[in-house]
4 protein chains.
Amino acid sequence: MVLYSGTMSAPTARGGRPREERVDAAILSATRELLVEGGYAGLTVGAVAARAGIGKAAIYRRYETKQEMVFAAAVHGLDLESPPDLGSLRAELEWLTEVIAATLSGPAVAGALGGLLADMSDDAVVSRMRETFVAHQRANVTAVLDRAVARGELTSRPDAAVVHAMLLGPVFAWLFVLREPGDVRGFAPTLARMAAAALSA
Amino acid sequence: MVLYSGTMSAPTARGGRPREERVDAAILSATRELLVEGGYAGLTVGAVAARAGIGKAAIYRRYETKQEMVFAAAVHGLDLESPPDLGSLRAELEWLTEVIAATLSGPAVAGALGGLLADMSDDAVVSRMRETFVAHQRANVTAVLDRAVARGELTSRPDAAVVHAMLLGPVFAWLFVLREPGDVRGFAPTLARMAAAALSA
Amino acid sequence: MVLYSGTMSAPTARGGRPREERVDAAILSATRELLVEGGYAGLTVGAVAARAGIGKAAIYRRYETKQEMVFAAAVHGLDLESPPDLGSLRAELEWLTEVIAATLSGPAVAGALGGLLADMSDDAVVSRMRETFVAHQRANVTAVLDRAVARGELTSRPDAAVVHAMLLGPVFAWLFVLREPGDVRGFAPTLARMAAAALSA
Amino acid sequence: MVLYSGTMSAPTARGGRPREERVDAAILSATRELLVEGGYAGLTVGAVAARAGIGKAAIYRRYETKQEMVFAAAVHGLDLESPPDLGSLRAELEWLTEVIAATLSGPAVAGALGGLLADMSDDAVVSRMRETFVAHQRANVTAVLDRAVARGELTSRPDAAVVHAMLLGPVFAWLFVLREPGDVRGFAPTLARMAAAALSA
DNA sequence: GTTTAAACGAGACGGTACGTCACGTCTTGTC
DNA sequence: GACAAGACGTGACGTACCGTCTCGTTTAAAC
């Protein structure tokens, strides 16, 4: 399922030249490339336009600000599949954690998220982020918890927001604050095991 | 214990007018005020100077970059006491979590941390951050774990980095990514209880 | 005599939908309106199209550049009649001056001429302007001078270019450089009287 | 006498780094060079900054708009000396006309005036132009007429504005509208002779 | 009639310049 | 030599306009 694909009012489709998909794609992939190469701080709208072979106006026709564009590029196309039924809470938590870790440690996301957080005084981007990225992940967490309750692994369903924070948070901190050397992926199973223990207690 | 107070080499004290403490204080409190008012994104060095009633040069005489200044202002004076022996792992984890939550949710820190993370490609600030904020918190986590091992609550000492991530992460995510409404402080006991269960398992 | 009516090759009339006269008229009158409202500097092709209720392409199908369009709108339909034989050099000079003043002080022309002059590095517009506006006026000046010589009012025929400059110039300066308050029309008789005296001397 | 040297509020001179004369001079001469090379239409603020080896901000600190800058550069330093007493109205008119022709046909002025006229909807530039360029020339015309009256060459003093238009206008038209080939300078004596005849009649 | 070809309103396109703003440095005169 | 003030070069921002190019539709002439 594609999470996100554009921010500004789509063309009213009432006559006029239609937007070119080629341009949409070029913007997003140029943004991702430059995010990987120089991070959020080193990313310029002009450079994105140049790399994409388009004009700046074509970008601002689609995104109100640079932040919107980066957000779209970093989160767009994150294919957040729903968690499969793996038979046990712990296995599903591990699956969730791995997906979160994989998502956050993708090269474009890694370059963008810090910067996005910085400019988050901009309420529009904040709420868009919540409506897409956060809401979708939350739904997955809820689904896993509901299944665990149905299986009898949990007697009462814990607050999904708390569990979400417990899964997402450590991965986030590991990547963006603590910046421990080594792969995050190895961290996921440990985290999932601990979370399962915490919930079962 | 005061964590941080300045970044650049103090004046060599070889004649000339000494730096005025008044200026140091004015910079830091102006920075904190503006951080609260407009967040990191809306903070400019010029505005800090104007608010403090000083010149920009006085700032750059003390901090090499805007990031250093914000970091000093947001973290300076965070009095990170060592965790007292409270008799049980769970009580001490709760104490740690509450201190972390209190630290991160302070108004200036809340405004600054996201932005600081954004500009963290700058290695100087990254390493300074790690050497002070992270290292000190990590030491506290280690101390708590060591005491729990000594008490026999834990058979083997878990990796302090992992535990650190499990405590800091959810608080961080709660505040900066999920931005759930309501106080973080109420979140701390729940988190500590879960962490204790996870570690004991 | 109509001076000017279009610049680009008319449709070859080889099938296809014919151009609509309605559109021609709408472009010209929208241009004139906007010229009056905001002058040349404030006029955009997009605004002309919007005001005329047409598309930009319909404009560029008729005029190669914005300058061509403005020129057509400001000069089109200037009905430059030939000067009647009024019996005396002075009377005919006065007639010429009044026609020039009336032409230049028309609302659309007043808004356009300065701007047109500005973009006159474009040689196409320059030569078109010379071939129409200037050439026609020059012919009228020549005719008046020839008649004066025939009448014996002048012993030798002065250079028509000089006389043209002496009539057109002051009106032009009055309107576009000096911008004296008050009507230009009252200025015409004085100017004509002086010109007559100068030529007779 | 220097006509013009800056437009925006000079620095209050109450502390702070003073403006560098080097920058003022570099802006003006770069503007003149580019005016000569490409005319008003081909002149960009960025190019002026680059040629001058300065930043755009240094330009906008001095001039509110591109037009102000061009005006300053084209008219700045026009050393409009007062007309000397040459003994006769005709000689002094010739002197005036020559000065006007020399001024308008200078390379920078020639490149700028058309464009300036175009953007003249901007009232600030218009009034500045009147207050400096026009007012000064007008004063010279008045002085010449007053002396002619004192000498008894004229019985009543004609309207200076009209005479100004009669001298400036033809030169202006010659250069910017008619664009006759050949030097304007040769035109000045003829014009002055005619003007003298017109006034004496 | 059908076909064909161009004009139509709308608006997206690449490009270029605008004027603004912030950074971190430098330069005054004063303390 | 630190201070307040503020100008400096650099370079990104988001806006506006140019002249071109697609869309899907409409309209008249050619067949």
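Each chain gets a letter, A, B and so on, in the order its sequence line appears, and its residues count up from 1.
Every side chain to side chain contact (heavy atoms under 4.5 Å, CB included) that C/Ala26 has, sequence neighbours left out, goes to C/Ala52. In terms of the side-chain hydrogen bond (donor to acceptor under 3.5 Å, both in side chains) criterion, residue partners of D/Glu20 (sequence neighbours excluded) are, by chain and number, D/Arg17, D/Arg22.
The separation between B/Glu21 atom CD and F/dC3 atom P is 12 Å, rounded to whole Å. Rounded to whole Å, the distance from CD1 on C/Ile59 to P on E/dA7 is 15 Å.
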Show me, pair by pair, the donor-acceptor contacts under 3.5 angstrom made by side chains of residues 41-50 of chain C, not counting sequence neighbours?
| unit_1 | atom_1 | unit_2 | atom_2 | d |
| --- | --- | --- | --- | --- |
| C/Thr44 | OG1 | C/Ala47 | N | 3.1 |

Listed pairs, N/O of protein and of nucleotides 22-26 of chain F, under 3.5 Å:
| unit_1 | atom_1 | unit_2 | atom_2 | d |
| --- | --- | --- | --- | --- |
| F/dT26 | O2 | C/Arg17 | NH1 | 2.9 |

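In this structure, the nucleotide among F/dC3, E/dG24, F/dC8 sitting nearest to the side chain of B/Ala58 is F/dC3. Here the nucleotide nearest the side chain of D/Tyr60, chosen from F/dA7, E/dT20, F/dC18, is E/dT20. Picking from E/dC13, F/dC17, F/dG9 the nucleotide with the shortest atom distance to the side chain of D/Ile54 gives F/dG9. You'll find that the side chain of D/Lys66 is closest to E/dG19, out of F/dC8, E/dG14, E/dG19.
Among the heavy atoms of the strands lying under 4.0 Å from B/Leu43 are primed sugar atoms or P, OP1, OP2 only; no base atom is included.
Taking the charged nitrogens against the carboxylate oxygens, B/Arg19 and B/Asp24 have no contact shorter than 4.0 Å, which rules out a salt bridge.
Taking the nucleotide of DNA chain F with the nearest heavy atom to each of D/Gly55 and B/Ala52, the more 5' of the two is matched to B/Ala52.
Residue pairs satisfying the salt bridge (charged side-chain N to carboxylate O under 4.0 Å, His left out) criterion with at least one member in residues 34-55 of chain D, sequence neighbours excluded, are listed as follows: D/Glu33-D/Arg51, D/Glu37-D/Arg51. Applying the salt bridge (charged side-chain N to carboxylate O under 4.0 Å, His left out) test to pairs two or more places apart or on separate chains, none has a residue in residues 108-117 of chain B.
Two end axes, each from the C1' atoms of five base pairs, can be drawn for the helix from E/dG1-F/dC31 to E/dC31-F/dG1; they diverge by 20°, to 10 degrees.
Of the side-chain N and O atoms in A/Arg62, one or more sit less than 4.0 angstrom from OP1 or OP2 of E/dC13.
Between the side chain of A/Lys56 and the base of F/dG14, a donor-acceptor pair under 3.5 Å is found.
Neither side chain, B/Tyr60 nor B/Glu68, offers a donor N or O lying under 3.5 Å from an acceptor on the other.
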